[in-house]
Participant: 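Sharing a structure, written as structure tokens. Questions coming.
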Amino acid sequence: MGLFETLGRVFSPSREEAVRYRCPNCGREFVYRADLRDPACPYCSTDALERVEWAG
Ligand SMILES: [Zn+2]
């Protein structure tokens with residue numbers, strides 16, 4: 001599962017380098033690198049993700 005490998009590798013980046021997303025389909029939240037293009041949900045492959053602002 002390449003998507004899971006990618007997620008594990010980028011799961012703890014600094015906030016400046018990461019974008020937090022929420023999947024409107026399955027409701028999960030996860031983090032991707034800010035320079036990743038066309039991110040998709042690693043759980044259900046939905047690509048219509050919502051960006052989530054970092055809290056605090
Ligand atoms: Zn999803």
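Ligands are counted one by one from 1 in listed order, and the atoms in each one are counted from 1 as well. Note that the structure is predicted; figures quoted are calculated from it, not measured. Index from 1, following the sequence.
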Participant: To the nearest 0.5 angstrom, please state how far the OH atom of Tyr21 sits from the CG atom of Leu36.
Facilitator: 6.5 Å
Participant: Decide yes or no for Arg51 and Val19: does some side-chain heavy atom of the first lie under 4.5 Å from some side-chain heavy atom of the second?
Facilitator: yes
Participant: Hey, what do you get for CG (Leu49) to OH (Tyr32), rounding to the nearest 0.5 Å?
Facilitator: 7.5 Å
Participant: Write down the atom of Glu50, the atom of Pro24, and the distance for their closest heavy-atom approach.
Facilitator: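 Taking Glu50 first and Pro24 second, the nearest heavy atoms are OE2-CB, 3.7 Å.
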Participant: For Arg20, check side-chain hydrogen bond (donor to acceptor under 3.5 Å, both in side chains) against everything at least two apart and list the hits.
Facilitator: Glu29
Participant: Have a look around the Zn ion (ligand 1) and list protein N/O/S atoms under 2.8 Å, or say none.
Facilitator: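 The answer, once waters are left aside, is Cys23 SG, Cys26 SG, Cys41 SG, Cys44 SG.
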Participant: Working to the nearest 0.5 Å, report the span between CG of Asp47 and SG of Cys41.
Facilitator: 10.0 Å
